[in-house]
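One is the number of the first residue; the rest follow in order along the sequence.
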Amino acid sequence: MDVESQRRLRDSVAEEEKKERVPLLQNASILLTKQDVKASSYISGVFNLTCSMIGAGIMGLPAAVKVLGIVPGVLMIFVSGVLTKYSIEILLRFSDCGRAYTYGQLMGDAFGRIGEVLLQICVIINNIGSTIIYLIIIGDVLCESSSNGIRHPGILEEWFGEQWWTGRTFVLIFLISSVFIPTTWVKRLESLKYTSGIAVGFTLYFILIIMGVTSYKLAVGTIQPPALFPTMDSLGSFLNLFSAIPVLVCAFVCHFNVHAIQHELKDPSQMTGVVKSSISLCSMIYLITGLFGFLIFGDSTASDILSNFDSDLGVPYSALVNTMVRLSYIAYIILVFPVVFYALRLNFDGLVFNKAIPLDSDDQRFALTTLGLLFVILFGAVSISSIWIAFQFIGATVGALILFIFPASIVLRDRPKIATKEDRLLAWALIIIAVLLDVVAIYTNVVSLL
């Protein structure tokens, strides 16, 4: 074989190896070969995508149902699920045509480097917001919170009284230092697979408790008839309905994990079925939580429903049930926090240090990035007193971009030339509806804070 033939053979082999390399996240410097990927089953794909959706947003769903009323609230949960399914199918269809391995690459193919950067910024904001919300919930449950002028003491205050060390700031600093710094220091996501499984168990336990309490109170007739529709007696009350929409948006954001899950499947063509099953399962869980949570507490439902679990539920062993519910969800948050933070750190590093060596190969950059992001999250959790505010602004801004506007824009850009007329009409409708709803929601939120 002559030198030229050998060179062509080496180039061909290198090209095939390049095609088999799959970026884990938007950071293109962190790559995974097919030999390193463990083939996942259909059930495993459903499990992973479901876990990507279910987060702190589930705690705000009962408050969203309270604002919208039961009928519109239930309807909006299903509508959000259907729109989420459509937007994910857009990502999958256009990725297959363009051989894009991540959401970021797909945006880069459609809009160049600026599109990829814009998505990375949105993912960073979304994940920082999610982790801030986690800490706010921990502060509400362990320390204290207030809703509608009613103060809800936390578990620590109930057990030990009001002490300097039961304050929100001290507790969060202690948890960051003793729990979150060690657990977020892992450099491989697979190191967290067992804690993630336990976290899902805690979530299911929480849902079963809510179902049990609601069923008992319905059986004994202690639940007051709920409002099926919202009361709209003024322009302000009508605009207030839009404040609940972003909360529902936050609950379904999972798009930045879709490609990674698809590439781990034994049969990637099953991803469409995985998406349908996951969204159906999440919609059912959200429906149970939102509806049953609102039925239990009615008009006194707090923006963070865990804050309501500090009073008599009207069931046997109410105090014990309250404590078990709150502690189980705190355990869930502590276990799932490192998973969300892992994606945040990689996307941040990919944006700021795009040309640098992989993050896990630079101990100093890894340490500074981890500690810096944790400080920002801690500052946000101490500064923001309500998860309702955080849900509203995240859902009305980056949540809507990641979930609806970016996928619709990819259709309209149509680099592979595969979009149909129906696709374009649906894409324009998605963008217009998302922009109008979010503008009204942001306006309502700002006015309520003034």
Side-chain angles (χ1 to χ4, degrees), residues 50 53-86 133 137 147-148 203 206-207 209-211 213-215 217-218 223-254 279-309 386-396 399-400 403-404 430 433-434 436-438 440-442 444-445 448:
T50 301
M53 291 187 201
I54 298 177
I58 195 174
M59 296 295 99
L61 292 178
V65 174
K66 180 182 74 171
V67 172
L68 295 172
I70 287 183
V71 174
V74 171
L75 180 62
M76 283 303 304
I77 290 175
F78 282 115
V79 170
S80 297
V82 170
L83 294 179
T84 299
K85 171 181 171 294
Y86 172 70
I133 290 171
I137 292 176
S147 177
N148 299 323
T203 304
F206 170 80
I207 293 173
I209 289 292
I210 289 183
M211 292 177 62
V213 171
T214 306
S215 300
K217 297 188 71 172
L218 284 172
I223 288 182
Q224 299 297 321
L228 297 179
F229 296 92
T231 301
M232 294 181 291
D233 51 8
S234 65
L235 178 61
S237 61
F238 172 73
L239 293 178
N240 186 53
L241 300 179
F242 293 91
S243 66
I245 305 299
V247 178
L248 297 174
V249 170
C250 279
F252 282 97
V253 174
C254 65
I279 292 178
S280 298
L281 178 58
C282 285
S283 297
M284 180 185 67
I285 292 173
Y286 292 159
L287 177 62
I288 293 172
T289 304
L291 180 59
F292 286 14
F294 175 52
L295 288 176
I296 293 173
F297 300 108
D299 292 336
S300 62
T301 303
S303 59
D304 173 10
I305 193 177
L306 286 179
S307 299
N308 288 116
F309 284 94
S386 171
I387 67 169
W388 186 257
I389 296 173
F391 280 143
Q392 289 170 336
F393 281 103
I394 293 173
L403 193 62
F404 300 132
L430 210 58
I433 292 173
L436 288 177
L437 290 177
D438 290 339
V440 176
I442 292 173
T444 305
N445 298 334
S448 66

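- One distance of note links CG of Leu430 with CG of Leu403; it measures 8.0 Å at 0.5 Å rounding.
- Note that the CG atom of Leu61 and the CD1 atom of Ile288 stand 12.0 Å from one another [nearest 0.5 Å].
- Between Ile210 and Ile296 the shortest heavy-atom distance is O-CD1, 3.8 Å.
- In this structure the side chain of Phe294 reaches within 4.5 angstrom of the side chain of Pro226, judged on heavy atoms.
- The line from OG1 of Thr214 to CD1 of Ile209 is 10.5 Å long, rounded to the nearest 0.5 Å.
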Quiz item: Can Met53 and Ile279 be said to form a side-chain contact (heavy atoms from CB on, under 4.5 Å), step by step?
Solution: CA-CA 9 Å; Met53 291 187 201; Ile279 292 178; 3.5 Å; yes
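- Partner of Tyr286 under the ring-ring contact (aromatic ring centres under 6.0 Å, His included) criterion, out of Phe252, Phe78, Phe292: Phe252 alone.
- Annotation: the span from Ile77 atom CD1 to Cys282 atom SG amounts to 11.5 Å, rounded to 0.5 Å.
- The CG atom of Leu75 sits 9.0 Å away from the OG atom of Ser80 when rounded to the nearest 0.5 Å.
- The two residues Ser283 and Gly81 come nearest to each other via the heavy atoms OG-CA, 4.3 Å.
- Contact detail for Thr301 and Phe297: the closest heavy-atom pair is OG1-CB, 3.5 Å.
- Rounding to the nearest 0.5 Å gives a distance of 5.0 Å between CZ of Phe404 and CG of Leu83.
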